[in-house]
Amino acid sequence: MASLTGHSYPPALDASLERDRLSQTIKDWSIANGLAVRPPPAFVGQNQDPEGILAINAPVTLFPSPFPKSCFEEAKAIQTSYNELYSRISQDEEFLGRLVQEVVGGDEFIAKLWNVHLRVKEEGYVQNLSLGLFRSDYMVHQDGAHLQIKQVEFNTIASSFGGLSAQTSLLHQHLAQTEYPLLNEPIPATSLNLPTNNSAQGLAAGLHAAYQAYGESTLSHPTCVIFLVQDGERNIFDQRHLEYALQKSSVPVFRLPFSQVLTHTTLADTPSRQLLYHLPHNPSKIFEVAVAYLRAGYGPGDYPSPEAWEARHRIERSLAIACPTILTQLAGMKKVQQVLATPPTLASGPSTLGKFVPDPAKSSALWNTFTNIYPLDGESAAGQEARRLATDPVECQKYVMKPQREGGGNNFYRGAIPEQLKTIPEEHWNSFILMELITPPPLQNTILRQGKLEQGGVICELGVYGTCLWDQKTGEVKHNEEAGYLLRTKGNQSEEGGVAAGFGCMDSIALV
Ligand code: ADP
Ligand code: MG
């Protein structure tokens with residue numbers, strides 16, 4: 001902590017009175033301002049809440065965590081370059097196809113996604129516009145006295161928490177004004193440098209740009225944006241904040257469970273294949289879907305049956321602008337991140353990153369955020385080295401092994417890597433990547449989770465949102481913006497950081 005702030009921060013709280021006071025303030029502010037989630041069934045059983053009316057505070061830190069200003073500014077400054085990079089990757093079907101072939105042996109889910117793309121390609125895509133609501137995740141890496149951001153992963157589908165994150169920044173600003181100055185170890189109201197965070201507005205602006213680019217319905221229907229969501233979504237208010245922001249700009253928005261796409265949508269019988277949404281509560285009302293925003297469909301659990309794959313196929317072949325398309329979703333494979341981060345060799349020719357981002361200033365700024373990531377194939381020199389590191393009981397302690405998955409809880413850390421590899425046939429090892437662990441400077445904070453305070457060492461992960469709308473055929477970029485940030489914090493005993501997965505909590509940044 002002192003390494004980042006130079007003094008005691010967050011302040012030690014005076015006995016239980018101050019802790020109670022802060023908790024109570026946060027509990028009320030959070031519900032009053034929608035910094036909330038639906039309770040997990042293990043916490044509030046269905047019998048206690050049969051009507052599904054309860055909401056609880058999203059887990060959150062009592063204080064904003066200190067974060068180096070130079071790191072924050074760097075991460076924000078390069079977001080539009082990251083948007084450009086991933087829009088170009090998404091346009092390179094041949095590149096993605098090659099990587100898909102490398103992982104499909106051990107990964108049926110990726111194979112099925114790819115098949116949906118191939119089916120649509122065969123009949124021809126009718127929509128060339130593609131929308132990305134991205135989030136690039138980082139941790140601060142400490143190398144001696146030098147602090148720099150290193151990328152954890154790049155999300156191209158269902159990048160979440162933009163809604164709650166903006167509220168968390170507001171909560172900490174509120175506490176900085178009203179509560180921290182009154183503590184026994186006071187923090188004067190103006191002393192914390194809390195950056196504004198427009199993540200909800202920023203993401204909504206991306207959706208709005210795509211909505212406008214779609215244009216008017218040639219079938220004379222009103223147009224709309226549709227959020228495709230998971231059944232029983234508990235992180236619903238995060239999504240609602242985006243919906244409300246869009247509705248404020250008079251855009252009709254509807255939520256549709258991904259599992260009900262086939263029931264409540266049809267494709268117009270025209271060469272354009274407009275996606276029509278039939279209001280479930282008033283089926284005579286028909287909207288034409290301009291933008292299909294997926295907050296579902298990123299993992300195998302969302303595809304329990306062949307019908308779910310048909311639903312994804314319907315979205316992909318329709319005129320609706322997909323956020324994301326299959327190709328954009330696949331651009332987010334960890335395999336892509338690994339290939340970008342693999343240094344060029346004489347044998348491999350120029351770097352993949354340089355091919356997608358020819359501007360040397362931009363590509364070197366992106367390159368600086370990469371950490372070592374290896375393939376796990378049995379042929380390449382990098383793959384063989386990675387196999388040695390991953391199976392060595394000492395070396396493996398510095399690594400995390402990741403499959404091509406999203407949503408948290410899928411990775412293998414340190415000593416679990418060799419164990420896991422033993423259970424997988426060697427020819428399938430290449431569907432994983434091996435990544436060096438980033439070790440951020442130790443910090444202290446207190447987390448309020450389900451009414452209980454947890455105090456101790458924490459690790460912070462920064463996410464920077466980006467929105468990008470581009471034409472897959474011409475490469476023209478129609479909208480490219482940095483769109484606010486997320487800070488997630490977890491106990492330093494936990495490897496995983498997902499808030500929804502129950503490991504992390506919401507936080508915001510105090511610049512130092
Ligand atoms: P997912 O797609 O499931 O979110 P991530 O790559 O984001 O997968 O990994 C999940 C979590 O694991 C991250 O939020 C972070 O806490 C931790 N993690 C992942 N990669 C690293 C790394 N290289 N160094 C340290 N922690 C990591
Ligand atoms: Mg992640």
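Whatever order the structure lists them in is the order used to number ligands and atoms, beginning at 1. The model shown is predicted, which means the values in this text are computed figures rather than measured ones.
- For Ser160, the side chain to side chain contact (heavy atoms under 4.5 Å, CB included) criterion is met by Arg135, Asn235, Asp238, Arg295, not counting sequence neighbours.
- Residue Lys334 touches ligand 1 through its side chain alone, judged by heavy-atom distances below 4.0 Å.
- Checked against a 3.5 angstrom limit, the closest N/O atoms of Gly408 and ligand 1 fall inside it.
- Using cut-offs of 30° and 60° for the angle between ring planes, the Phe154 and Phe134 rings count as tilted.
- Heavy-atom separations between Arg405 and ligand 1 include at least one value shorter than 4.0 Å.
- Aromatic ring centres of Phe356 and Tyr86 lie farther apart than the 6.0 Å criterion allows.
- Counting heavy atoms closer than 4.0 Å to ligand 1, residue Asn411 contributes side-chain atoms (C-beta onward) but none from N, CA, C or O.
- The aromatic rings of His241 and Tyr244 sit perpendicular, their planes meeting at an angle over 60°, well past the 30° parallel limit.
- A side-chain N or O of Gln338 and one of Lys335 form a donor-acceptor pair less than 3.5 Å apart.
- Judged purely by distance below 3.5 Å, without hydrogens or angles, the side chains of Thr369 and Tyr82 pair a donor atom with an acceptor atom.
- Under a 3.5 Å cut-off, the side chain of Trp309 and the backbone N or O of Val116 do not form any donor-acceptor pair.
- When heavy-atom distances to ligand 1 are checked against a 4.0 Å cut-off, Glu153 comes that close only through its side chain, counted from C-beta outward.
- Using a 4.0 Å cut-off to heavy atoms of Tyr413, the atoms of ligand 1 that qualify are 10 (C), 11 (C), 12 (O), 17 (C).
- Under 3.5 Å, the side chains of Asn430 and Glu102 contain a donor-acceptor pair of N or O atoms.
- Near Glu436, meaning under 4.0 Å from any of its heavy atoms, are these atoms of ligand 1: 22 (C), 23 (N).
- Listed by number with element, the atoms of ligand 1 under 4.0 Å from a non-hydrogen atom of Met139 are 15 (C), 16 (O), 25 (C), 26 (N).
- By the 4.0 Å heavy-atom criterion, Asp137 is excluded from the residues contacting ligand 1.
- Considering backbone and side-chain atoms alike, Asn155 places every N or O at 3.5 Å or more from each N or O of ligand 1.
- Contacts of Phe154 with ligand 1, taken as heavy-atom pairs under 4.0 Å, are absent altogether.
- Looking only at protein N/O/S atoms, the ones less than 2.8 Å from the Mg ion (ligand 2) make 1 in total.
- Within the listing of ligand 1, atoms 23 (N) sit less than 4.0 angstrom from a heavy atom of Met435.
- Looking only at atom types and distance, the side chain of Asp107 has no donor-acceptor partner in the side chain of Ser431 under 3.5 Å away.
- Residue contacts with ligand 1: Ile438 is placed with a nitrogen or oxygen under 3.5 Å of a nitrogen or oxygen of the ligand (distance criterion only).
- Partners of Asn115 by side chain to side chain donor-acceptor pair (under 3.5 Å), not counting sequence neighbours: none found.
- Between the side chains of Gln173 and Ser169, no donor-acceptor pair of N or O atoms lies under 3.5 Å.
- Of the polar atoms of Glu406, at least one N or O is found under 3.5 Å from an N or O of ligand 1, judged by distance alone.
- With sequence neighbours excluded, no residue forms a side chain to side chain contact (heavy atoms under 4.5 Å, CB included) with Thr196.
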